[in-house]
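Reminder, nothing fancy here: chain letters follow the sequence lines and each chain counts from 1.
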Number of protein chains: 2
Amino acid sequence: MHEKVMNIGTVRELTGLSERQIRYYEEKQLIFPRRSKGGARKFSFEDVERLKEIHMKMKDGFRTFDLRKSAAGTLKLDSGRS
Amino acid sequence: MHEKVMNIGTVRELTGLSERQIRYYEEKQLIFPRRSKGGARKFSFEDVERLKEIHMKMKDGFRTFDLRKSAAGTLKLDSGRS
DNA sequence: CGTGTAAGGAATTCTGACACG
DNA sequence: CGTGTAAGGAATTCTGACACG
């Protein structure tokens, strides 16, 4: 399910996040939607799952920087702050 | 993949069909997209596959009525016309 | 830092209709 | 019958900014 086919409105419904949050997470490099001709973001089901995960981490007090995928492709779950 | 999440534009890209054709096939009861609040059609990947199948059958000379799913849930592939 | 909102514009989708055949 | 198109409207999405803290 990596086909990026959903508009942000559908992602909002599926994740419960606001469009503002979704766009902000993209700005912070946490997700990478594609763009349609007209410039609309297109997301995959994987993006939706990742957003749900991000949402939970954020509620646990993580910052967007901590959630960015490392070069190794794994999640940085603890940046050392206390 | 039965979640109906794609707008008609995405389905157009994925199937190569025109929006007119997609809407017509819905009118003829060949597919059943859901509607968003604002009235926009939302399709699933299954709908996309079904549309591709419909497209091939149409090229083979079938009529929309012949392609409507029967009560048994199977495709009527030959209505008896010759 | 993370998120809400009002602002204005651009792209998307919708319906009903006329056309052709 | 199946599909193209122009028409006008409504809903969607986009960006950049101001706000708060």
**Request:** Write down the partner of D:dT3 under the Watson-Crick or G-U wobble criteria, each distance required to be under 3.5 Å.
**Result:** C:dA19

**Request:** Indicate yes or no: does A:K52 engage A:E49 in a salt bridge with an N to O separation below 4.0 Å.
**Result:** yes

**Complete:** From CE of B:M6 across to P of D:dT13 the rounded distance in Å is 15 Å

**Item:** Under-4.0 Å side-chain N/O to phosphate OP1/OP2 contact, A:S36 with C:dA11
**Value:** no

**Request:** Could you tell me the separation between the CD1 atom of A:I54 and the P atom of C:dT3, rounded to a whole number of Å?
**Result:** 10 Å

**Item:** Check ion pair B:E26-B:R35 (N to O, under 4.0 angstrom)
**Value:** yes

**Prompt:** Can you find a side chain N or O atom of B:R41 that sits less than 4.0 Å from OP1 or OP2 on C:dT13?
**Reply:** no

**Request:** Hey, which sits more toward the 5' end of DNA chain D by its nearest nucleotide, A:R20 or A:T10?
**Result:** A:T10

**Prompt:** Under 4.0 Å between a Lys/Arg side-chain N and an Asp/Glu carboxylate O for A:R41 and A:E19?
**Reply:** no

**Options C:dT13, D:dG2, C:dT3, nucleotide nearest the side-chain atoms of B:K28** = D:dG2

**Prompt:** Where the side chain of B:R35 is concerned, which of D:dT13, D:dG2, C:dT15 is the nearest nucleotide?
**Reply:** C:dT15

**Atom pair NE2 (A:H55) and NZ (A:K57), whose distance is rounded to the nearest 0.5 Å** = 13.5 Å

**Rounded distance in Å - CG (A:N7) to P (C:dT13)** = 7 Å

**Prompt:** NZ of A:K42 versus C1' of D:dT12: gap in Å, rounded?
**Reply:** 11 Å

**Message:** Measure CE/A:M58 against P/C:dG4 and give the value in whole Å, please.
**Reply:** 11 Å

**Request:** Verify the contact: side-chain N or O of B:Y24 to OP1 or OP2 of D:dG2, cut-off strictly under 4.0 Å; return yes or no.
**Result:** yes

**Asked** Counting only side-chain N and O atoms of B:R23, is one of them less than 4.0 Å from OP1 or OP2 of D:dG4?
**Response** no

**Request:** Counting heavy atoms from C-beta on, name the nucleotide in C:dT3, C:dC14, D:dG4 closest to the side chain of B:S18.
**Result:** D:dG4

**Item:** Under 3.5 Å: donor-acceptor pair, side chain of B:K4, backbone of B:D47
**Value:** no

**Message:** Of the listed nucleotides (D:dT3, D:dC14, C:dG2), which one gets closest to any side-chain atom of B:Q21?
**Reply:** D:dT3

**Request:** Indicate whether OP1 or OP2 belonging to C:dT3 is found under 4.0 Å from a side-chain N or O atom of A:Y25.
**Result:** yes

**Message:** Assess the residue pair A:T10 and A:N7 against the criterion (side chain to side chain donor-acceptor pair (under 3.5 Å)); give the C-alpha distance rounded to whole Å, side-chain angles, the decisive distance to 0.1 Å, and a yes or no.
**Reply:** CA-CA 6 Å; A:T10 303; A:N7 281 341; 6.0 Å; no

**Message:** What is the separation between atom CD on A:E19 and atom P on D:dT12, rounded to the nearest whole Å?
**Reply:** 9 Å

**Request:** Round to the nearest Å and state the distance from A:I22 atom CD1 to C:dG4 atom P.
**Result:** 10 Å

**Message:** Reading DNA chain D from 5' onward, which residue's closest nucleotide shows up sooner: B:H55 or A:E26?
**Reply:** B:H55

**Request:** Find the distance B:R12:CZ to C:dT13:P and express it as a whole number of Å.
**Result:** 7 Å

**Complete:** Under a 3.5 Å limit on both distances, the Watson-Crick or wobble mate of C:dG8 is D:dC14

